[in-house]
Asker: 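Quick one: structure below, then a few questions.
Here is the naming used below: chain letters follow the sequence lines, and residue numbers restart at 1 for every chain.
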Amino acid sequence: MSGGGRGGVMKVLHVAEKPSVAKSVATILSRNNGGLRTREGRSRYNKIFEFSYSINGRPCHMLVTSVTGHLMELEFQDRYRKWHSCDPADLFHAPVHKFVPEDKLDIKRTLEEEARWCQWLVLWLDCDREGENIAFEVIEVCTAVNPHLTIKRAHFSALIDREIHEAVQRLVEPNKCFADAVDARQEIDLRIGASFTRFQTMLLKDAFVIDFTTDDRNLVLSYGPCQFPTLGFVVERYWEIQAHEPEEFWTINCSHKSDEGIATFNWMRGHLFDYTCAVIIYEMCVQEPIATVTKVRQQEKLKYPPYPLNTIELEKRASRFFRMSSEHTMKVAEDLYQAGFISYPRTETDGFSQRTDLHAIVQEQQRHPVWGPYAQQLLEPGSGLWRNPGNGGHDDKAHPPIHPTKFSSGESGWSQDHHRNYLDVYRFESWGSSTIPTYVSGQQFVPTSLTLDSGVTRPPPLLSEADLLSCMDKEGIGTDATMHDHIKKLLDRFYATKDSNMRFSPTNLGEALVMGYDDMGYKLWKPYLRAVMERDMKAVSEGTKSKAEVLTTSLQQMKACFVDARLNKVKLFEAMAVFFERSNRSGGDEQHAAGEVVRPCVLCQESDMVLRRNRDGNFMVGCMGYPQCRNAVWLPGSLSEAVVTANICNTCTPGPVYMIQFKFRPLEIPPNYNANHLGCIGGCDEILRQLIEICGTGSRIPARGRGSSASASNVQQSNSRHGEARHSACIYCHQTGHSSSDCPSQVSGSRSARHRGMNPQSGEPSVPCSTCGTPCILRTANTANNRGRKFYSCQSQECNFFVWEDNLNNVTGRNVQRGRTSVSASNTSRSGGRGRGGRGGSRATATATFVSATGDPVTGRRCFVCGDPSHFANVCPNRGS
DNA sequence: GCAAGGTC
């Protein structure tokens, strides 16, 4: 019989994913005379609960404790931890290991101490893949000290009595497939993240002047399978906006004022882009102004209350109504949860289970000064107000939707944000209703106003935090508990910014990185990669694929992608060069920056010395501090291979000095020397010294042009947008004669309108918007009528400023100068004095002809009321209105 | 100095 302790009381160790669950499980199970006792463990957060219970009739001494999420981390072996310790491509196969980090050692000790004297281990981790993986971490720690443990898994979907009692009587086996799926995910995330992060940081950080007013050493250009697609959403929307070319349209609006109020009528055709058509129809209306009601339709509009809150919806609503970032929202929610005011804030569930006592939840709120009376009303049986909330159809089987759990009239020391979390009688949405006068079919009236108005098509808005969360949710980027982290990471890494309207734009850096990978043809910034990983994980968790299989294939693919990306790194360079000045610091070639560490530099005593190969193929060990420190040891020219080993020389100091496995070309060294030699560059190696003396160092075959084309970093792209850059080859088509911003190969599709060369410091031509002052950059139209024509338009979401560059020159009589040329929108606006935007009321007083939607002067069009070409009929002063 | 996932 397994379990030992035949006939006696069996000792059972229960481990939950978090302290709160341990407490709930212990409280529920001990309720019937269990005699619950609490004692401290090694970790101050993770208490140990003890009581008596019987499992399937067998008396047990129960110990319930917890971990706090994952107990272990995955890391590369020490040898590969330093950034310059290896080629980043090696990180796809460098050995990794799982270990318990420093801050979790207390928990580990508690588990070890308690597991030692127990017979059973019961795992109460959350019932999802991560929970299963944590379960195996706990198993590893516990079985290491007690290999005889019988291991069981409790399956529960809610922390309620029946579920918990049932779970403990129906223990199952832990599911290794689930845990394996997470192992695979962890390893892939680590390898991809570390390799690409090191690669792009070392490639670009020092090669460009990236000025983010931060300590330069902290600038990391990270890559991650979640953060990059998140950035991708932001950049894609931004490009969509950039690519938008405003088009003027015309609409006829009619209103009618009666005793009952004002009715506004919309034109069934919506709007027309053709001015002539619109004005003809409008003039017909004006000449026959009597309106006839042809149909009256009444429609009931329903508005449903929202579904119960899950984490994502909570974050979206806090962002929309309170302008709180998702990250801050989760902090506040955590505070409220810790204090017992709301239920667990990380949940996917958006429907209450049948078993939830909703009346009890509402009862708690009866004393509240604001919504207490409403709560009381709800509970009154006669009021007929009670209605169960809807169900959004999601259930994570672990937690209920987020709801208030007890009454609070405000705790001292809490910020306003803490109070905001209640969905009270919901003051944050309105019915949005309006009442209109009643009409009957056949009724006739003369409109109070009838206008021909112009409008301009607008691009979609920048992504809000709620939009971004929706995109991530839809594409499966991150989990409900981590999405806000990924968004914050974009801000922390200077990849994106959030404006005062809580909307996200990419920074130059964020845009350049996405552009670089996009130009390589890689969808690394798209959600597909994550989707493939998610599919693989599912296959592993269902047992249709093995962990090893998924790891092998996906790492193989990712490594191929990495190697290819590195071959195409010029694309990243070019994209960066669009936005940033090149620096004259070292770097820019991660191959040069990388190298295997051989020893600490004795000269500068700051950096490591690494094994490198120069462009001629010769080996040397040079200081990472180059060019500040020029310490170098040149190795024999007869070397064909050299690899740093893990062997440390026991004579040379200061150490460690790693020994190098040398391989010489046999024909180039004297016959009495071995072609394979494990040597040391620290000074102790007599053989190496002799070979250097015999063979010399440096170029083995002088001046034969070897390696002259080997440089993969000969990017000569100048970042200057003026002067010499115009004479160098375009970075897109590689032709001379135009700059990259004018490249004809780039002026179609959304790519054409990308934000190229708009670095404010670069002196790109721009005009300040006369309405809001935002600098407007020069862009090129791509419409049938105006292909290639340049225009300025305001990038502000709220502003309609637009002007053709050639009009500007005509109007102001001079060319646009860099920076601060001021332009009056009223003189240059396309739409003259018409329209509702209030743009350019000056048109009515101008003597010029009309300006059409394309900006060209229009001849032969004049007010049909008085014939004056300076205005249209709708604003004619001679027309009785 | 690197990822994403748990959670305090």
Asker: So, using side-chain contact (heavy atoms from CB on, under 4.5 Å) as the criterion, who are the partners of A/P401 when residues are at least two apart?
Answerer: A/P308, A/T349, A/F352

Asker: Any side-chain N or O of A/R493 under 4.0 Å from OP1/OP2 of B/dC2?
Answerer: yes

Asker: Using a cut-off of 4.0 Å on non-hydrogen atoms, how would the nucleic acid contact of A/L190 be classed: base, sugar-phosphate, or nothing?
Answerer: base

Asker: Just to confirm, is there a sub-4.0 Å distance from OP1 or OP2 of B/dC2 to any side-chain nitrogen or oxygen of A/K82?
Answerer: no

Asker: Hydrogens and angles aside, do A/Q77 and A/H97 bring a side-chain donor and acceptor to less than 3.5 Å of each other?
Answerer: no

Asker: Can you figure out which of B/dA4, B/dG5, B/dT7 approaches the side chain of A/T479 most closely?
Answerer: B/dG5

Asker: Could you go through A/Y528 and A/E475, starting from their C-alpha distance and side-chain angles, then the distance that decides it, and tell me whether this counts as side chain to side chain contact (heavy atoms under 4.5 Å, CB included)?
Answerer: CA-CA 8 Å; A/Y528 312 137; A/E475 301 288 350; 6.0 Å; no

Asker: Mind calculating the distance between CE (A/M472) and P (B/dG5) to the nearest angstrom?
Answerer: 9 Å

Asker: Send over the distance from A/L221 CG to B/dC2 P, rounded to a whole Å.
Answerer: 12 Å

Asker: Nearest whole angstrom, please: distance from the C1' of B/dG6 to the CG of A/L71.
Answerer: 11 Å

Asker: What pairs with A/H155 under ring pair (Phe, Tyr, Trp, His ring centres under 6.0 Å), at least two apart in sequence or on another chain?
Answerer: none

Asker: Taking ring pair (Phe, Tyr, Trp, His ring centres under 6.0 Å) as the definition, give me every residue that meets it alongside A/Y45, ordered by chain and number, with sequence neighbours left out.
Answerer: none

Asker: Contact class for A/R129 (heavy atom, under 4.0 Å): base, sugar-phosphate, or nothing?
Answerer: nothing

Asker: Is the phosphate of B/dA3, meaning OP1 or OP2, less than 4.0 Å from a side-chain N or O of A/Q227?
Answerer: yes

Asker: For a quick check of understanding: with a heavy-atom distance under 4.0 Å over all strands, which category does A/R44 fall into, base, sugar-phosphate or nothing?
Answerer: nothing

Asker: To the side chain of A/K205, which of B/dG1, B/dG5, B/dA3 is closest?
Answerer: B/dG1

Asker: Among B/dC2, B/dA4, B/dT7, which nucleotide has an atom closest to any side-chain atom of A/P19?
Answerer: B/dT7

Asker: Looking only at the side chain of A/H486 (C-beta and beyond, no hydrogens), which of the listed nucleotides B/dC2, B/dA4, B/dG6 gets closest?
Answerer: B/dA4

Asker: Return the set of residues passing side-chain contact (heavy atoms from CB on, under 4.5 Å) with A/K108 (not counting sequence neighbours), or none when no residue passes.
Answerer: A/V100, A/L105, A/E112, A/V141

Asker: Mind checking A/S43 for me? I need base, sugar-phosphate or nothing, with any heavy atom below 4.0 Å counting as a touch.
Answerer: nothing

Asker: A/F199 has an atom CZ; how far is it from atom P of B/dA3, in whole Å?
Answerer: 16 Å

Asker: Checking contacts here: which listed nucleotide (B/dC2, B/dG6, B/dA4) is nearest the side-chain heavy atoms of A/R530?
Answerer: B/dA4

Asker: Under 4.0 Å, counting only non-hydrogen atoms across every strand here, what does A/F196 touch: a base, just sugar-phosphate, or nothing?
Answerer: nothing

Asker: Both A/A481 and A/S222 contact DNA chain B. Taking the nearest nucleotide for each, which residue is further toward the 5' end?
Answerer: A/S222

Asker: Quick one: does A/E465's side chain have a donor or acceptor within less than 3.5 Å of a partner on A/S319's backbone?
Answerer: no

Asker: For A/Q200 and A/Y517, which I'm curious about, is there any donor-acceptor pair between the side chains at under 3.5 Å?
Answerer: yes

Asker: If I take atom CD in residue A/E73 and atom C1' in nucleotide B/dT7, what distance separates them, rounded to the nearest angstrom?
Answerer: 12 Å

Asker: Rounding to an integer number of Å, can you tell me how far A/M537 CE sits from B/dA3 P?
Answerer: 18 Å

Asker: Which nucleotide wins on minimum distance to the side chain of A/D126, given the candidates B/dA3, B/dT7, B/dC2?
Answerer: B/dT7

Asker: Expressed as a whole number of angstroms, how long is the span from A/H484:NE2 to B/dG6:C1'?
Answerer: 12 Å

Asker: More 5' along DNA chain B: A/S195 or A/K18, using each one's nearest nucleotide?
Answerer: A/S195

Asker: Would you mind classifying the nucleic acid contact of A/L91 as base, sugar-phosphate or nothing, using non-hydrogen atoms under 4.0 angstrom?
Answerer: nothing

Asker: Would you classify A/E17 as touching base, sugar-phosphate or nothing, given that sugar-phosphate means primed atoms plus P, OP1 and OP2, and contacts are heavy atoms under 4.0 Å?
Answerer: sugar-phosphate

Asker: Starting the side chain at C-beta, find the nucleotide from B/dC2, B/dG6, B/dT7 nearest to A/K104.
Answerer: B/dG6

Asker: Select one nucleotide: of B/dG6, B/dC2, B/dA4, the one nearest the side-chain heavy atoms of A/E130.
Answerer: B/dG6

Asker: Mind listing the residues from residues 131-142 of chain A sitting with a heavy atom below 4.0 Å of DNA chain B? Number order is fine.
Answerer: none

Asker: Answer yes or no: does a side-chain N or O of A/T482 lie under 4.0 Å from OP1 or OP2 of B/dG5?
Answerer: yes

Asker: Looking at residues at least two apart in the chain, or sitting in another chain, which of them share a salt bridge (Lys or Arg N to Asp or Glu O under 4.0 Å) with A/K545?
Answerer: A/D536

Asker: Is there aromatic stacking of A/W83 against B/dG1, centre distance under 5.5 Å, plane angle under 30°?
Answerer: yes

Asker: Which whole-number value in Å describes the distance from A/Q186 CD to B/dG5 P?
Answerer: 10 Å

